Amino acid sequence: MSSDANPYLAHHFDDIVQQHESVSLGMWIFLLTEIMFFGGIFFAYTIYRFLYPDMFHAMSHHLDVTMGTINTGVLLTSSLTMALAVNAAQRGMKKRLVTMLGVTCAAGVIFLVIKYFEYAHKFHVGSVPGRLWTFETEFGNQAQLFYSLYFGATGLHGLHVLIGVVIIGVLTILAWKDKLPQGRAQRVEMVGLYWHFVDLVWIFVFPLFYLIGRT
Amino acid sequence: MYGKFSLFPEQASSLAPHIDMLYFALVAVSLVFVVVICVLIAVFAFKYRRRPGNEIAQEVHEHHLMEVGWSLIPLFLGLILFAWGAKLFLQIYSQPENPIEIFGVGKQWMWKFQHPDGRREINDLHVPTGRPVKMTLISQDVIHSFYVPAFRVKQDVVPMRYSSTWFEATEEGIYHLFCAEFCGTEHSRMVGRVIVTSPEAYQAWLASPLIEGGSPRDAKMMNAGRGGEAASMAAASDPGAKGRAVMEAQGCVACHQVGNTTLAPALEGIYGTKVELENGKVVTVDDNYIRESILQSTAKIVKGYQPVMPAYQGLVKEEEVKAVIDYIKATSGSKK
Amino acid sequence: MSTQAVEPKNYLNAAHTVRSWLFTVDHKRIAILYLVSISFFFFLGGAAAFIFRLDLMTPQGDLLQSDTYNRLFTMHGVIMVFLFLVPSIPATLGNFLVPIMIGARDLAFPKINLMSWYLYMAGGACILWAIVDGGVDTGWTFYTPYSTAFAKSNVAITLVGIFIAGFSSIFTGFNFIVTIHKMRAPGMTWFRLPLFIWAHYATSLIMVLATPVLAVTVFLAALERLFGFGIFDASKGGDPVLFQHLFWFYSHPAVYIMILPSLGVVAELISAFSRKRLFGYRFVAFSSIAIAALGFLVWGHHMFVSTQSPYLGIVFSLISFLVAVPSAIKVFNYTATLYKGSVSLDSPMIYALGFIGLFVIGGLTGIFLATLATDVHLHDTYFVVAHFHYIMVGGALMGYLGGLHFWWPKITGRLYSEFWAKISAGLVFAGFNFTFFPQFIVGYLGNPRRYHFYPPEFQIYHVMSTVGSTILGFGYIIPVIYLLASLKWGKKAPANPWEAKGLEWEIPSPPPTENFTGPVVVTEEAYAYPVRKS
Amino acid sequence: MGLNEQAHGQDHGHSLKAYYLVYLLLMVGLAATVWVAYIDLGWLSTPIAMAIATTKAFFVVMIFMHVKDATPMIWVTIVMGLVGLSLGFIFLFCDYAAR
Ligand code: HEA
Ligand code: HEA
Ligand code: CUA
Ligand SMILES: [Cu+2]
């Protein structure tokens, strides 16, 4: 156990390799649970889209493609910066790490702001399912199904973005204060995995909700 | 019968003896396994009990063949039981020949039934022996479950689509009718009686005045639960008349005019036919399709029409929907 | 307390402050925290059962209002499943033993382990709050649309509680998986792992794969309840039966979360008290994985009459039968282990043997339910209630009690009264059968479950059941007394009171804080008991 | 510490170019998704949209998330997730399609 001296080694691990592998396996298993978590909503989506294709197509038109597209671009970009941040952390390049984390965090915020405007619009026109529902379409109450799924999926996703923004924000500060040396790079890497996962979910949410029946 | 102490429920339907047979087979298989395992445990625990001279276990050789063997036995037995159960199950889900069609609505916390001639009753269900009875069931609120232990039938009754089951009573008598799916406070009071009589007695009952066969309380509830004037105009003899009345009362005829399909498609004669939808799919007109067309009218749009028909969800009662279906059926002249 | 001075340092006397317990990251202490909390919830759930069992003495249910009755059985089911049985063995015995058995100093993520306990308590608090504030009356299955649109009780907060408690279970699971993969001592190969570990590994897989689906399902249901979203709402074109699909997608695999650890415990007990390597080690190990995997493919057997497609029902039924095979492999191998062993009937072993008998009955009656045609009749009757109590109480709970007795000396360093342990094991066994066997009969007669009132001809069975549950209740209270008493008056436990094999028996009782004082190297197979040639 | 750390960090050093490439690809993919949505492909449009999304996801997972160089255990984890998902889709879909 020559690596006993490593300051980043937790007491119950034998060496840093074991620690690293455990943490990264742990993170992946966590992502596995996340897959199943969002999976539940996609199950419901599949069934209802199968049952009510016309309604889904028509309702998709009421979502704002421009905002959706911009948001997709923002998230994809943030994924790149996150990947660069991880790289910077591993190479111990502090300044670059701070910048990249900062940009990622900012992108997350932009995403949420745009999302806020989208939501606000829905509240405004009354296409929020439930008590606030006043949205008149030829599909009547059925249209609430689409919006329930929309709010369910994007709401949960938004919550994940929010959590990500907070964590990345904290990381940025830590990095800035020199609390994220090379030996702690794995932290950034793990948060990176989480962030990419959030991005992945959106990659599917976007075409499935915003882009159906556009022709 | 009703109220006697017993170990097995009475067999009162054509299906019951078959289910019981399967049940006894399962009991037999289970007994064999339970007894063999318990006896082995007892024998081993005694014979190889720890005692001077047996402080240390004896060497035992493991045989993979043995493992395979005792995996195959349950697999094999299981497959037989599965196939047996599946065969009977398909029978339960098959369509009976020439059934009496009874319509049932479950709501918190009562059962309402309607016989083919329009005769209705609450929490009691009169059926004759010797002829299959097909139940078409729907719920007005939460999920219920139509359960007659003596017939060994159970079918959940859900709010968004018709479910159906059938039975053929074989023994006259009075049997329990239970709601088997938890549905709220009075779930255990959502019980009734199935009254099985001879076919003649059943006919006589159908012809008897309304109050008879149910308590006065039932009769009152029945009137309260009645679907407006349209329904009361229904003549018992014509299965379609009530539906026609509903369509007039609800204003359907404004668009669905007989012989004029410019505003809306004709409804007469469409039962059992295939309809092409706006999205290119083709569906067969059956009970669930018609019900959906009325209550969720925009779910499936007929080709060549605009989705202008309002959704009647919450505006018409399940009994009325059923009446419209009967009307469409009657005009289609098929014995579906 | 003069003993204190000479006692060597162990995880219990390492520190005494409340803080040292509430902020501990030692897996053994967290196990104790869990032990205390789940015991509390067990007795709460049991008390609810006892009250409504009393009410069921008469067909007219003279003791309670229908609403109260419904709230009691819901509370009973919710507490017993989510707050007792799912965490029971994994979070207590598993937490304590998984690291020790594989030669590790702790779980891979000690802080997450602690967090999982806090989440559990937070979930428990929500559910308690819901109960105190008037209760829930949906049944533990929360079927829509009753739960979302019609129930006039605290559904939402209960769902939130389950959501939170679900994450505690996810964290336990993923901690175990990583620990078992990455933290085994040198020489501890996969096929040297005790079967307890295999069972926990399989359980953890289910926890991480299935629980998130439950979480999102109750999340959607809560949205619908709170804000009127419409995913399961028939008046918006939604399908209430979809909720059942999503619910059972978790809840069937969850029943294997409840039974697999118990099967693992029993493997240890049978081997230890027969002084013999478990028969067919590899088959038993893989059967755990097989049960976990197949367990994901059978959920629809709860929905045979729900308006699910009958063809899909047939597929689900077939796969349910396949699950019987790995279960049978376990039972047969356990029985075969006794053969030519050196069998000693200490109290843990009595529980273990009782487990086998009751599990087999419970499992075989599960086969009655998996058989399509019979399930049409038996679905939602007392037959189902009897089936799952045989497996969950007669099986899982018995295994848990057996394991608790077996490892009690290791956990606390004290020996309990074997005499009283045998008495209570006997009471539990007798009381249990008395309570639940009559329910098979009354179930086949057609008594639906969740029935406050029932036809008078069923009364005799219900009276038997209530009487039995009283005996059963005593059987559960006695262990509390003598186990607690052992803490004060019990004899000091040696390191290996049962002369069993396994890493946990090679360290002192109770173990030191980091379990092992030096590096661990494993050179032996599991269960390397000496044998004599016959 | 040093040794292991270095070994861990090395292969990531060269991959910056790969990151930019993937990013480019993602953006092209995004444009493609939107573009495809507006041309009439009949029933094919959803499968195509999903195919594009899956391709995008594939590159994010492989390159950004470094699964290309991950341990077999992590591969197994991902496959388990996909299998779990498909189970849900297959069984649920079968139910509604066969009712
Ligand atoms: C720990 C919990 C647990 C376990 C392990 C099981 C195990 C099994 N269960 Fe059970 N079950 C529940 C808990 C559990 N169940 C609960 C809580 C409910 C009710 C939920 C509710 O609605 O509230 C329920 C309900 C339930 C139903 C739905 C009933 C209904 O509502 O209509 C069905 C139907 O198939 C079923 C089947 C099975 C089967 C086939 C097994 C199998 O895994 C059993 C396998 C074991 C054996 C078979 C025994 C050993 C084998 C042999 C000795 C060999 C011989 C075998 C053959 C010849 C086949 N269970
Ligand atoms: C681990 C799971 C578990 C356990 C251990 C039990 C234990 C028991 N269960 Fe339970 N049961 C379920 C899980 C469990 N149950 C589930 C999931 C349901 C379905 C719920 C639903 O339909 O939604 C159910 C439903 C259920 C019913 C059906 C109700 C109905 O459908 O109407 C019945 C009826 O007899 C019953 C009885 C019992 C009894 C007598 C015990 C006995 O074993 C309990 C013995 C324990 C005691 C008697 C406690 C003793 C202690 C005291 C009395 C002192 C109290 C002190 C303090 C609180 C400090 N249970
Ligand atoms: Cu209706 Cu229970
Ligand atoms: Cu099940």
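Labels below follow one simple rule: chain letters A, B, ... track the order of the sequence lines, proteins then strands, and each chain is numbered from 1. Only a predicted model underlies this, so the values are computations on that prediction, with no experimental measurement involved.
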Check whether any side-chain heavy atom of [X] sits under 4.5 Å from a side-chain heavy atom of [Y], and report yes or no.
{"X": "B/Pro74", "Y": "C/Phe332", "result": "yes"}
{"X": "B/His187", "Y": "C/His452", "result": "no"}
{"X": "B/Phe46", "Y": "C/Val343", "result": "no"}
{"X": "B/Ser145", "Y": "C/Asp380", "result": "no"}
{"X": "B/Leu40", "Y": "C/Leu338", "result": "no"}
{"X": "C/Thr371", "Y": "B/Trp84", "result": "no"}
{"X": "C/Arg282", "Y": "B/Glu62", "result": "no"}
{"X": "C/Thr365", "Y": "B/Leu26", "result": "no"}

So which part of [X] gets closer than 4.5 Å to some heavy atom of chain B, the side chain, the backbone, both or neither?
{"X": "C/Tyr529", "value": "neither"}
{"X": "C/Tyr311", "value": "side chain"}
{"X": "C/Phe279", "value": "both"}
{"X": "C/Gln308", "value": "neither"}
{"X": "C/Lys236", "value": "backbone"}
{"X": "C/Phe383", "value": "side chain"}
{"X": "C/Ala151", "value": "neither"}
{"X": "C/Ser274", "value": "backbone"}
{"X": "C/Thr144", "value": "backbone"}
{"X": "C/Val442", "value": "neither"}
{"X": "C/Pro456", "value": "neither"}

Using every non-hydrogen atom in the two residues, find where [X] and [Y] come nearest and quote the distance to one decimal.
{"X": "B/Trp70", "Y": "C/Ala336", "answer": "CH2-CB, 3.9 Å"}
{"X": "C/Arg532", "Y": "B/Ile56", "answer": "NE-O, 3.1 Å"}
{"X": "B/Glu186", "Y": "C/Phe453", "answer": "OE1-CE1, 4.2 Å"}
{"X": "B/Ala45", "Y": "C/Leu345", "answer": "CB-CD2, 4.5 Å"}
{"X": "B/Pro9", "Y": "C/His377", "answer": "CG-NE2, 4.2 Å"}
{"X": "B/Tyr93", "Y": "C/Phe304", "answer": "OH-O, 3.5 Å"}

I need the [X] [atom1] to [Y] [atom2] distance, nearest 0.5 Å.
{"X": "B/Thr185", "Y": "C/Asn70", "atom1": "OG1", "atom2": "CG", "result": "6.5 Å"}
{"X": "B/Asn54", "Y": "C/Lys340", "atom1": "CG", "atom2": "NZ", "result": "11.0 Å"}
{"X": "B/Ile37", "Y": "C/Leu364", "atom1": "CD1", "atom2": "CG", "result": "7.0 Å"}

Geometric cation-pi criterion, C/Arg449 with B/Phe182: 6.0 Å, 45°: no

Interface residue of largest heavy-atom contact number with chain B, from [options], under 4.5 Å:
{"options": "C/Ala373, C/Pro326, C/Pro530", "result": "C/Ala373"}
{"options": "C/Asp375, C/Thr138, C/Leu322, C/Asn447", "result": "C/Thr138"}
{"options": "C/His379, C/Arg275, C/Arg450", "result": "C/Arg275"}
{"options": "C/Ala324, C/Ser306, C/Ala328", "result": "C/Ser306"}
{"options": "C/Ser153, C/Gly139, C/Pro455", "result": "C/Pro455"}
{"options": "C/Pro240, C/Gly357, C/Ala149, C/Pro448", "result": "C/Pro448"}

Filter on side chain to side chain donor-acceptor pair (under 3.5 Å), then keep only pairs touching residues 23-52 of chain B, sequence neighbours left out; what's left? B/Arg50-C/Ser342

Can you list every side chain to side chain donor-acceptor pair (under 3.5 Å) pair that touches residues 325-336 of chain C, not counting sequence neighbours? B/Glu67-C/Asn333, C/Ser287-C/Lys330, C/Ser288-C/Lys330

What verdict does the side-chain contact (heavy atoms from CB on, under 4.5 Å) test give for C/Tyr146 and B/Gln108, after you've listed the backbone C-alpha separation in whole Å, the side-chain angles of each residue and the deciding distance to 0.1 Å? CA-CA 10 Å; C/Tyr146 182 70; B/Gln108 285 177 325; 3.6 Å; yes

Would you mind checking which part of [X] comes under 4.5 Å of any heavy atom in chain C, side chain (CB onward), backbone (N, CA, C, O), both or neither?
{"X": "B/Val27", "value": "both"}
{"X": "B/Leu90", "value": "side chain"}
{"X": "B/Met190", "value": "backbone"}
{"X": "B/His144", "value": "neither"}
{"X": "B/Ile92", "value": "side chain"}

Per-residue tally against chain C (heavy atom, under 4.5 Å) across B/Cys179, B/Ser163, B/Cys38, B/Ala86 peaks at B/Cys179

For the interface with chain C, which of B/Val36, B/Leu81, B/Asp20 has the highest count of heavy-atom pairs at distances below 4.5 Å? B/Asp20

Partners meeting salt bridge (charged side-chain N to carboxylate O under 4.0 Å, His left out) with C/Arg277 (sequence neighbours left out): none

With a cut-off of 6.0 Å (strictly less than), are more than 12 heavy atoms of other residues, nucleotides or ligands near CZ of C/Phe437? no

What do you reckon, is CD of C/Gln65 surrounded by more than 12 foreign heavy atoms closer than 6.0 Å? no

Please state whether the rings of B/Phe82 and C/Phe321 are parallel, tilted or perpendicular, taking 30° and 60° as the class boundaries. perpendicular

Go through C/Val305 and B/Glu181 one step at a time and tell me if the side-chain contact (heavy atoms from CB on, under 4.5 Å) criterion holds. CA-CA 10 Å; C/Val305 298; B/Glu181 185 64 64; over 6 Å; no

Decide yes or no on side-chain contact (heavy atoms from CB on, under 4.5 Å) for B/Gln58 and C/Lys276, but give the supporting numbers first. CA-CA 8 Å; B/Gln58 284 166 267; C/Lys276 199 157 156 280; over 6 Å; no

Part of residues 146-156 of chain B lying next to chain C, heavy-atom separation under 4.5 Å: B/Tyr147, B/Pro149, B/Arg152, B/Val153, B/Lys154, B/Gln155, B/Asp156

Working note: C/Thr307 + B/Arg161, criterion side-chain contact (heavy atoms from CB on, under 4.5 Å); need CA distance, chi angles, decisive distance, verdict. CA-CA 9 Å; C/Thr307 72; B/Arg161 88 178 84 84; 2.9 Å; yes

